[in-house]
Q: 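First the structure, then my questions, so here it is.
Residue indices begin at 1 and follow the sequence shown.
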Amino acid sequence: MNFTNMMMFFEGEPATTGSLVSLFIPMILLAVVFYFFIYRPQKKQEKETADMRSSIEKGDVVVTTGGIVGMVVKVTDDMLLIESSGNRTKIQIQKWAVHSVLERANAPEPAEDSKKK
């Protein structure tokens with residue numbers, strides 16, 4: 001579709017079905033690309049982060065978005081009490097502030113044979 005055909009379309013003259021299809025195909029392809037390369041991976045990452053935050057339990061070592069590292073002492077619906085440092089400073093944070101979990105409390109220990117290799 002060239003520029004003159006597009007001008008005729010916008011000036012109110014009848015456009016052919018082929019010209020309408022060729023006008024919408026790039027928009028449809030762009031929407032599909034945005035879905036598969038931007039929207040879908042972002043939703044997957046958000047789901048993994050929400051699952052990680054909901055699975056936090058007492059004894060886990062977490063890192064907050066501010067960089068504070070601490071061990072979880074108490075878990076409530078949307079709050080965590082973490083113990084951070086040698087003098088047992090306790091800080092209450094919200095679950096959304098957890099960036100990652102460094103160690104799980106109930107993580108299985110690796111076998112002795114694999115430690116020696």
Side-chain angles (χ1 to χ4, degrees):
M1 188 165 147
N2 59 26
F3 183 72
T4 56
N5 287 344
M6 282 183 24
M7 290 305 295
M8 289 186 343
F9 176 74
F10 289 115
E11 290 175 356
E13 292 184 20
T16 63
T17 305
S19 66
L20 288 175
V21 169
S22 66
L23 182 67
F24 289 113
I25 285 178
M27 287 189 281
I28 292 169
L29 289 174
L30 188 62
V32 168
V33 166
F34 273 121
Y35 176 77
F36 282 107
F37 289 109
I38 296 173
Y39 182 75
R40 192 167 155 220
Q42 180 180 358
K43 287 297 179 184
K44 182 179 177 185
Q45 180 66 34
E46 287 175 3
K47 184 179 183 290
E48 289 172 358
T49 303
D51 290 343
M52 179 265 306
R53 288 180 179 148
S54 66
S55 68
I56 294 174
E57 54 190 33
K58 186 176 176 180
D60 291 349
V61 177
V62 297
V63 178
T64 68
T65 54
I68 299 171
V69 179
M71 185 171 58
V72 178
V73 177
K74 182 180 176 184
V75 179
T76 60
D77 290 338
D78 61 344
M79 302 293 280
L80 298 173
L81 185 65
I82 63 172
E83 187 177 276
S84 149
S85 76
N87 61 359
R88 303 180 146 238
T89 304
K90 292 185 177 153
I91 304 170
Q92 187 171 9
I93 62 170
Q94 293 185 340
K95 277 189 178 179
W96 63 262
V98 174
H99 180 265
S100 61
V101 177
L102 294 180
E103 293 179 25
R104 291 283 179 185
N106 298 328
E109 293 293 322
E112 290 296 323
D113 295 335
S114 64
K115 285 184 181 179
K116 292 178 183 177
K117 289 182 182 178

Q: With sequence neighbours left out, write down each residue that passes side chain to side chain donor-acceptor pair (under 3.5 Å) with Q94, or none if nothing qualifies.
A: W96
Q: Sequence neighbours excluded, which residues qualify as salt bridge (charged side-chain N to carboxylate O under 4.0 Å, His left out) partners of K47?
A: D51
Q: Are V72 and I68 joined in one hydrophobic group, where the rule is that I, L, V, M, F, W and Y side chains link up if heavy atoms are under 4.5 Å apart?
A: yes
Q: With N106, which residues qualify under side-chain contact (heavy atoms from CB on, under 4.5 Å), at least two apart?
A: E57
Q: Do you know which two heavy atoms are closest between P41 and I38, and how far apart they sit?
A: CD-O, 3.6 Å
Q: What pairs of residues pass the salt bridge (charged side-chain N to carboxylate O under 4.0 Å, His left out) test when at least one of them lies in residues 20-41, not counting sequence neighbours?
A: none
Q: Under the rule for side-chain contact (heavy atoms from CB on, under 4.5 Å), what residues qualify as partners of F37, not counting sequence neighbours?
A: V33
Q: Grouping I, L, V, M, F, W and Y whenever their side-chain heavy atoms are under 4.5 Å apart, do V63 and I56 come out in a common cluster?
A: no
Q: Between I91 and V61, is there shared hydrophobic-cluster membership here, with clusters defined by ILVMFWY side-chain heavy atoms closer than 4.5 Å?
A: no
Q: Using 0.5 Å steps for rounding, measure from the CD atom of E48 to the NZ atom of K43.
A: 13.5 Å
Q: Counting only pairs under 3.5 Å, give me each side-chain donor-acceptor contact of residues 76-83, with atom names and distances, residues two or more places apart or in other chains.
A:
unit_1	atom_1	unit_2	atom_2	d
T76	OG1	M79	N	3.3
T76	OG1	M79	O	3.1

Q: Kindly give the heavy-atom pair with the smallest separation between G59 and A105, and that separation in Å.
A: C-CB, 3.6 Å
Q: Can you list every pair that meets side chain to side chain donor-acceptor pair (under 3.5 Å) and has a residue in residues 63-74, with sequence neighbours left out?
A: none
Q: Give, for atom CZ of R53 and atom OG of S100, the distance between the pair rounded to the nearest 0.5 Å.
A: 10.0 Å
Q: Surrounding CD of E103 (heavy atoms of other residues, nucleotides or ligands, distance under 6.0 Å), is the total greater than 12?
A: no
Q: Please list, chain by chain and in numerical order, all residues satisfying side-chain contact (heavy atoms from CB on, under 4.5 Å) with R104, sequence neighbours excluded.
A: M52, S55, D60, V101, A107
Q: Applying side-chain contact (heavy atoms from CB on, under 4.5 Å), can you list everything that pairs with Q42, at least two apart in sequence or on another chain?
A: E46
